[in-house]
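Accompanying notes for the structure given below.
Just the heavy atoms: all of them, side chains too, but no hydrogens, waters or symmetry mates, feed the values below.
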Amino acid sequence: MRFALSAAFFLFLTPAGYAAKWGEADLWTGSNNFLRSDISFLANISTRCVSGINVSFYKIEGKDKVYSFRLPFNVFLGRSSMLTVKPFYYPKDGKGSYAYGSRASFSYLYHNEPKESSTSLNFSAAFEKQKLSEYGKESADNKSVEFQLEENFYDEFFILFTASSLLNPENPAGLQKRYAEISDLISPNAFAFINDTVYNNFGLQFARSLKPDYDSYVYAGADRMNCRSSDYNSYVFGLRVNFIEKNFFNFSYNYLDSKNNKGKDRSYYKISLGVFFK
């Protein structure tokens, strides 16, 4: 789930949480025998630094599993700002395709105590280098920028706006457009593997806290992704249930509407489990 409850994230990963550890497991499944799974682990390595590892794979119809690794590193510049660097690497498959790159983000959280609200801003930039076997191992490089704005009202209502764009998306035409997942560059609210040349994405999400009766959130979101072969409208609905000590369970449903390919709409599901250690 892209909706991260930024305020809660800052409170969890502050210097006061030194020596804390966090693990998460995610599973996606859906149309065209799509399967994706990942495991993440994060830990405080100093009073201001959090680092970890993410290991994942995706599987689409007619192709072997593709594995990838990410090494997120977060530096807290204060209680209200954070710098994140996340390099990623996709090992070479049997046909010679591979990919690598990195994404850097700066996040800032502003509390407006008189109005019982907060604003979270996030700016990201990323680059990616792909070698695609179906192009005779031709290079397909990409760069991206993204802006996210999240408003938190009374810790009950959350609204998240996302705008992102790829700066040089004109990859060679062919059967294979991508080897790496587009989520390494931008944050589309779509679970599918998008094997297309992506130009930009715009998204809006809304979440409602069920406190004080239940420490849970219901959320919904809509994205518009513009690509070369087809444009997509993506809709996500979900429920996040928080347990004791920040442990959580999350279930999401994603309906992906392909605007240029009628009759090829798709459905996906995601299950997440997060565990907090001290």
**Item:** side chain to side chain donor-acceptor pair (under 3.5 Å) involving Y255 - partner list, sequence neighbours excluded
**Value:**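 Result, side chain to side chain donor-acceptor pair (under 3.5 Å) vs Y255: D265.
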**Prompt:** With sequence neighbours left out, what residues match D184 under side chain to side chain donor-acceptor pair (under 3.5 Å)?
**Reply:**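 Per chain and number, D184 pairs via side chain to side chain donor-acceptor pair (under 3.5 Å) with R70, Y90.
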Are [X] and [Y] packed together at the side-chain level, in the sense that at least one heavy-atom pair is separated by less than 4.5 angstrom?
X    : Y    : result
S118 : L109 : yes
R178 : Q130 : yes
L42  : P72  : yes

**Asked** Out of Y217, W22, F243, which one pairs with F248 under the ring-ring contact (aromatic ring centres under 6.0 Å, His included) rule?
**Response**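 When ring-ring contact (aromatic ring centres under 6.0 Å, His included) is applied between F248 and each of Y217, W22, F243, only W22 qualifies.
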**Message:** For F34 together with F191, are the ring centres under 6.0 Å from each other?
**Reply:**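 No, ring centres 6.0 Å or more apart.
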**Message:** Test side-chain contact (heavy atoms from CB on, under 4.5 Å) on F106 and L77; report intermediate values, then the result.
**Reply:** CA-CA 10 Å; F106 174 77; L77 308 177; 3.8 Å; yes
**Prompt:** Taking only residues two or more places apart in sequence or in another chain, which ones pass salt bridge (Lys or Arg N to Asp or Glu O under 4.0 Å) with R36?
**Reply:**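 Scan of R36 (salt bridge (Lys or Arg N to Asp or Glu O under 4.0 Å), adjacent residues dropped) gives D38, E181.
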Does one side chain, of [X] or [Y], offer a donor that lies under 3.5 Å from an acceptor on the other?
X    : Y    : value
E156 : S209 : no
S124 : N122 : yes
S230 : S258 : yes
S252 : Y219 : yes

**Prompt:** Among all residues two or more places apart in sequence or in another chain, which pass the side-chain contact (heavy atoms from CB on, under 4.5 Å) test with S164?
**Reply:**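 Per chain and number, S164 pairs via side-chain contact (heavy atoms from CB on, under 4.5 Å) with E146, I186, N201.
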**Asked** Should the ring pair Y253 and F237 be called parallel, tilted or perpendicular, given that the plane angle runs from 0 to 90° and is split at 30 and 60?
**Response**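 Taking F237 first and then Y253, their aromatic rings lie parallel (interplane angle under 30°).
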**Message:** Hydrophobic clustering (ILVMFWY, side-chain heavy atoms < 4.5 Å, transitive) - are Y98 and F88 grouped together?
**Reply:**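 No: no chain of side-chain contacts under 4.5 Å links F88 to Y98.
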**L27: hydrophobic cluster co-members (side-chain, 4.5 Å)** =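 Grouped by the 4.5 Å side-chain rule, L35, F57, Y67 form the rest of the cluster around L27.
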**Asked** F127: what forms a ring-ring contact (aromatic ring centres under 6.0 Å, His included) with it, not counting sequence neighbours?
**Response**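 Checked F127 against ring-ring contact (aromatic ring centres under 6.0 Å, His included); zero matches.
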**Message:** To the closest 0.5 Å, what do you measure between CD1 (I39) and CD (E24)?
**Reply:**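 Between I39 CD1 and E24 CD, I get 11.0 Å after rounding to 0.5 Å.
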**Message:** Tell me if the NZ atom of K143 is crowded by more than 12 foreign heavy atoms within 6.0 Å.
**Reply:**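 No, the 6.0 Å shell around NZ holds no more than 12 heavy atoms from other groups.
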**Asked** So does D64 have more than 12 non-hydrogen atoms from other groups sitting under 6.0 Å from CG?
**Response**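 Count not over threshold, so no.
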**Message:** Which residue is it: T197, I182, N200? I am looking for the one with a side chain to side chain contact (heavy atoms under 4.5 Å, CB included) to L166.
**Reply:**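 In the set T197, I182, N200, the residue that makes a side chain to side chain contact (heavy atoms under 4.5 Å, CB included) with L166 is I182.
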**Request:** List the atom of A192, the atom of L256, and the distance in Å for their closest heavy-atom pair.
**Result:**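 Here A192 and L256 meet closest at CB-CD2, 3.8 Å.
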**Asked** Is the NZ or CZ atom of R208 positioned over F158's six-membered ring, under 6.0 angstrom from the centre and within 45° of the axis?
**Response**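 Here R208 fails the 6.0 Å and 45° test against F158.
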